[in-house]
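Notes for the one structure printed next.
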Amino acid sequence: MSVAMMLREGTAQKHEETEKVPYIRAIFRGGLDAQTYTYQLESLHAVYQVMEDLYRQNKDNPILSKLYFPSLFREKTLAEDIATFQKKFGTKLRGEVSKATQNYIDHIRKIANSKPELLVAQAYVRYLGDLSGGQAIKKVVAKTFGLEGNEGTAFYEFPEIEDLMAFKGIYRQNLDTLPLNDSQKTELLEEAKTTFDLNKFLFLELDSDLKQNIGMERYQTLLPAG
């Protein structure tokens, strides 16, 4: 089985678990408020900043070098979106790194220090998610907050990549050419699963923020019937 297929099939259950977090459903039901979404951007900015800094530091690694695409980096676009929401909606930052975010970035630093090649799993989950489901979220966010163009949605824009579908194909092909033995492939899959869990915990934390910011009455209307 190819590496790309292994990762896709091996993380399917984790992917489904993450999608079932009420916060994700609230996004697609247009239920987000600007403050909670700003918290989301802030957390993601901290995660991508650490991940991308470490990826740059290890870009000559024989495994990471095959998947080193600066055109995917999101740190600057997240900073742009945070600034937009602060200016347009008067939102604020937490002022400190949240617990789930800290756990996430601590884990990234840990693997980069011990087995930097596992950053591939982090990048796989984050970037392919941004190129796929992220494009649907972009439309919902724009509609929810009345945004035009790439105002407040720069995070989901990849101006240096002409064809997202074709690029995802190239990315998966490069995954399949990684010089990995069976043990390393197993570690890569487990790290991808862990990444989904870390992302899920981030959304669960944001779900608590959403309840507080919009109130339980409004929040209950966003949950699926039954």
Side-chain angles (χ1 to χ4, degrees), residues 7 11 14-15 17-19 21 23-24 26-27 32 34-59 61 64 67-86 91-138 141 152-158 171 188 190-210:
L7 289 172
T11 60
K14 292 293 185 181
H15 194 175
E17 289 175 5
T18 302
E19 289 181 333
V21 173
Y23 183 77
I24 299 298
I27 290 177
L32 290 193
Q35 182 57 68
T36 306
Y37 187 63
T38 300
Y39 286 159
Q40 177 182 333
L41 294 173
E42 182 182 11
S43 289
L44 290 177
H45 181 265
V47 168
Y48 280 89
Q49 183 178 51
V50 170
M51 181 179 73
E52 291 169 359
D53 281 348
L54 291 170
Y55 219 107
R56 290 187 191 95
Q57 293 173 28
N58 292 279
K59 65 181 181 180
N61 177 286
L64 295 181
L67 290 167
Y68 182 70
F69 295 104
S71 57
L72 291 174
F73 288 178
R74 300 288 87 197
E75 178 189 352
K76 290 183 179 179
T77 59
L78 283 161
E80 289 175 21
D81 288 346
I82 290 170
T84 295
F85 270 74
Q86 287 182 298
T91 58
K92 300 178 181 179
L93 299 180
R94 291 185 191 274
E96 60 183 13
V97 179
S98 72
K99 182 178 179 180
T101 306
Q102 189 66 58
N103 289 341
Y104 201 148
I105 60 180
D106 284 348
H107 178 79
I108 295 174
R109 288 179 175 137
K110 180 180 178 181
I111 64 162
N113 185 55
S114 59
K115 294 185 177 182
E117 63 273 9
L118 291 181
L119 286 171
V120 166
Q122 292 284 337
Y124 166 82
V125 174
R126 293 246 58 103
Y127 294 131
L128 286 193
D130 298 336
L131 292 168
S132 300
Q135 299 307 300
I137 293 176
K138 170 193 169 184
V141 168
T153 57
F155 172 54
Y156 308 102
E157 297 283 348
F158 294 85
Y171 196 93
L188 190 66
E190 291 307 309
E191 180 60 25
K193 291 179 180 179
T194 297
T195 304
F196 270 106
D197 282 339
L198 290 166
N199 199 38
K200 180 179 69 175
F201 295 143
L202 247 187
F203 287 137
L204 287 170
E205 184 178 71
L206 288 165
D207 195 55
S208 295
D209 293 323
L210 183 63

Stepwise side chain to side chain contact (heavy atoms under 4.5 Å, CB included) test for Gln86 and Lys92 = CA-CA 6 Å; Gln86 287 182 298; Lys92 300 178 181 179; 5.7 Å; no

Minimum heavy-atom distance between [X] and [Y], given as atom pair plus value:
{"X": "Tyr55", "Y": "Leu119", "result": "CE1-O, 3.9 Å"}
{"X": "Asn58", "Y": "Pro116", "result": "OD1-CB, 3.6 Å"}
{"X": "Leu7", "Y": "Ala192", "result": "CD2-CB, 3.9 Å"}
{"X": "Glu117", "Y": "Leu64", "result": "O-CD2, 3.9 Å"}
{"X": "Ala154", "Y": "Glu80", "result": "CB-OE1, 3.5 Å"}
{"X": "Ser43", "Y": "Thr101", "result": "OG-OG1, 2.8 Å"}

Polar side-chain atom of [X] near backbone of [Y] as donor-acceptor pair, under 3.5 Å:
{"X": "Glu205", "Y": "Ala100", "value": "yes"}
{"X": "Glu42", "Y": "Ile82", "value": "no"}
{"X": "Thr91", "Y": "Phe85", "value": "yes"}
{"X": "Arg126", "Y": "Tyr124", "value": "no"}
{"X": "Thr36", "Y": "Leu32", "value": "no"}
{"X": "Gln122", "Y": "Met51", "value": "no"}

task = Test Asp209 against Arg94 for side chain to side chain contact (heavy atoms under 4.5 Å, CB included), laying out the working first.
result = CA-CA 11 Å; Asp209 293 323; Arg94 291 185 191 274; 2.3 Å; yes

Working to the nearest 0.5 angstrom, can you tell me the gap between [X] [atom1] and [Y] [atom2]?
{"X": "Glu17", "Y": "His15", "atom1": "CD", "atom2": "NE2", "answer": "11.5 Å"}
{"X": "Thr11", "Y": "Glu190", "atom1": "OG1", "atom2": "CD", "answer": "11.0 Å"}
{"X": "Phe203", "Y": "Ile24", "atom1": "CZ", "atom2": "CD1", "answer": "3.5 Å"}
{"X": "Ser98", "Y": "Phe201", "atom1": "OG", "atom2": "CZ", "answer": "13.0 Å"}

ask   = Parallel, tilted or perpendicular: which describes the rings of Phe73 and Tyr68, with under 30° parallel and over 60° perpendicular?
value =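 Ring orientation of Phe73 relative to Tyr68: perpendicular.
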
Quick one: does [X]'s side chain get under 4.5 Å of [Y]'s, heavy atoms only?
{"X": "Leu78", "Y": "Gln49", "value": "no"}
{"X": "Asn199", "Y": "Phe196", "value": "no"}
{"X": "Ile111", "Y": "Glu191", "value": "yes"}
{"X": "Lys138", "Y": "Val141", "value": "no"}
{"X": "Tyr171", "Y": "Leu128", "value": "yes"}
{"X": "Leu72", "Y": "Asp130", "value": "no"}
{"X": "Glu157", "Y": "Thr77", "value": "no"}

task = Identify which one of Tyr104, Tyr39, Tyr23 satisfies the side-chain contact (heavy atoms from CB on, under 4.5 Å) criterion when paired with Leu202.
result =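 Of the listed options, the one satisfying the test is Tyr104.
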
ask   = Among Leu118, Leu54, Asp53, which one satisfies side-chain contact (heavy atoms from CB on, under 4.5 Å) with Ile108?
value =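 The passing option is Leu54.
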
Any residue meeting ring pair (Phe, Tyr, Trp, His ring centres under 6.0 Å) with Phe158, in chain and number order, not counting sequence neighbours =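 Phe158 satisfies ring pair (Phe, Tyr, Trp, His ring centres under 6.0 Å) with no other residue.
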
ask   = Where do Gln40 and Ile27 land on the side chain to side chain contact (heavy atoms under 4.5 Å, CB included) test, with the steps shown first?
value = CA-CA 11 Å; Gln40 177 182 333; Ile27 290 177; 4.1 Å; yes

message = Could you check, using the six-membered ring where one of them is a Trp, whether Phe155 and Tyr48 have ring centers closer than 6.0 angstrom?
response =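 Under 6.0 Å, so yes.
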
